[in-house]
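For the numbers below, each heavy atom of this structure counts, side chains included, while hydrogens, waters and symmetry mates do not.
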Amino acid sequence: MSFRVGLGTDVHRLDTGLPLILGGIPIEHTHGLVGHSDADIVLHAITDALLGAVGLGDIGEWFPDTDPEWKGADSSKFVEAAVSELANQGWQVVNLDCIIHAQAPKLLPYKAEIRANLARLLRVEESQINVKAKTGEKVGPVGERQAMEATVVVLVQQADS
């Protein structure tokens, strides 16, 4: 078996009047993330980690924010496209670990639902997915509630031919 590791990260600023979507799950909050698509930092970081693991570039190459096709897009489409391309090349996800950096809201009530949705999108069991939430300790853009960030590491495997 061949294994590879991918790392993904994404950050978006917060603003009022926007929906907050993390890991494909709507989150109750006074602010949402600003972006060309739905600005789902978790799914953007996952897409980058998947593509990076097998040397397929990054999310901006596949889904550029200059392309009107992706304006307001559901970021689940990005993950599904990356998973499909990996599968076409014989790769599958072994496990994924994700950190969501957000001062607010508290994400504990949403973590199980996010985990279940990520497992569905990645075509794996929930036991292969971990979701953590960290605050910014009131320091920097995350801590001062100006932005949210996600960091993801993924392990993929390919059966040797």
Taking atom CZ of R4 and atom CG of L86, what is their separation to the nearest 0.5 Å?
-> 9.5 Å
Supply the atom-to-atom distance H12 NE2 to E149 CD, rounded to the nearest 0.5 angstrom.
-> 10.5 Å
How would you list all residue pairs meeting side-chain hydrogen bond (donor to acceptor under 3.5 Å, both in side chains) that involve residues 45-70, not counting sequence neighbours?
-> none
Apply side chain to side chain contact (heavy atoms under 4.5 Å, CB included) to L14 and L33, showing your working.
-> CA-CA 5 Å; L14 288 159; L33 295 166; 3.6 Å; yes
Same hydrophobic cluster for [X] and [Y], using side-chain heavy-atom links shorter than 4.5 Å among ILVMFWY?
{"X": "L56", "Y": "V156", "value": "yes"}
{"X": "V124", "Y": "I114", "value": "yes"}
{"X": "V54", "Y": "L51", "value": "yes"}
{"X": "L121", "Y": "I21", "value": "no"}
{"X": "V83", "Y": "F78", "value": "yes"}

Is the closest side-chain heavy-atom distance between [X] and [Y] below 4.5 Å?
{"X": "V11", "Y": "I41", "value": "no"}
{"X": "I46", "Y": "V154", "value": "no"}
{"X": "L118", "Y": "V42", "value": "yes"}
{"X": "Q92", "Y": "Q157", "value": "yes"}

Heavy-atom donor-acceptor pair, [X] side chain to [Y] backbone, under 3.5 Å:
{"X": "N117", "Y": "G23", "result": "yes"}
{"X": "N95", "Y": "Q128", "result": "no"}
{"X": "D10", "Y": "A45", "result": "no"}
{"X": "Q158", "Y": "S2", "result": "no"}
{"X": "Q103", "Y": "E144", "result": "no"}
{"X": "H36", "Y": "K71", "result": "yes"}

Show your reasoning for whether side chain to side chain contact (heavy atoms under 4.5 Å, CB included) applies to L18 and H29.
-> CA-CA 9 Å; L18 297 171; H29 192 46; over 6 Å; no
Pairwise salt bridge (charged side-chain N to carboxylate O under 4.0 Å, His left out) hits with a residue in residues 112-130, at least two apart = none
With sequence neighbours left out, which residue pairs that include part of residues 23-39 fulfil the salt bridge (charged side-chain N to carboxylate O under 4.0 Å, His left out) condition?
-> none
Between V131 and L107, does a side chain to side chain contact (heavy atoms under 4.5 Å, CB included) hold up when you go through it step by step?
-> CA-CA 10 Å; V131 177; L107 296 176; over 6 Å; no
For D97, the salt bridge (charged side-chain N to carboxylate O under 4.0 Å, His left out) test, sequence neighbours excluded, returns K132
For L108, the hydrophobic cluster (side chain heavy atoms closer than 4.5 Å, chained through members) also holds none
Sorted by first residue and then second, give each ring-ring contact (aromatic ring centres under 6.0 Å, His included) pair with at least one member in residues 82-127; sequence neighbours left out.
-> none
Closest approach of G8 to A49 (non-hydrogen atoms, all atoms of both residues) = N-CB, 3.6 Å
Distance-minimising heavy-atom pair for A39 and S75 | N-OG, 4.5 Å
Do S37 and H44 pass the side chain to side chain contact (heavy atoms under 4.5 Å, CB included) test, and can you show the C-alpha distance, the side-chain angles, and the key distance before you say yes or no?
-> CA-CA 10 Å; S37 65; H44 292 184; 3.1 Å; yes
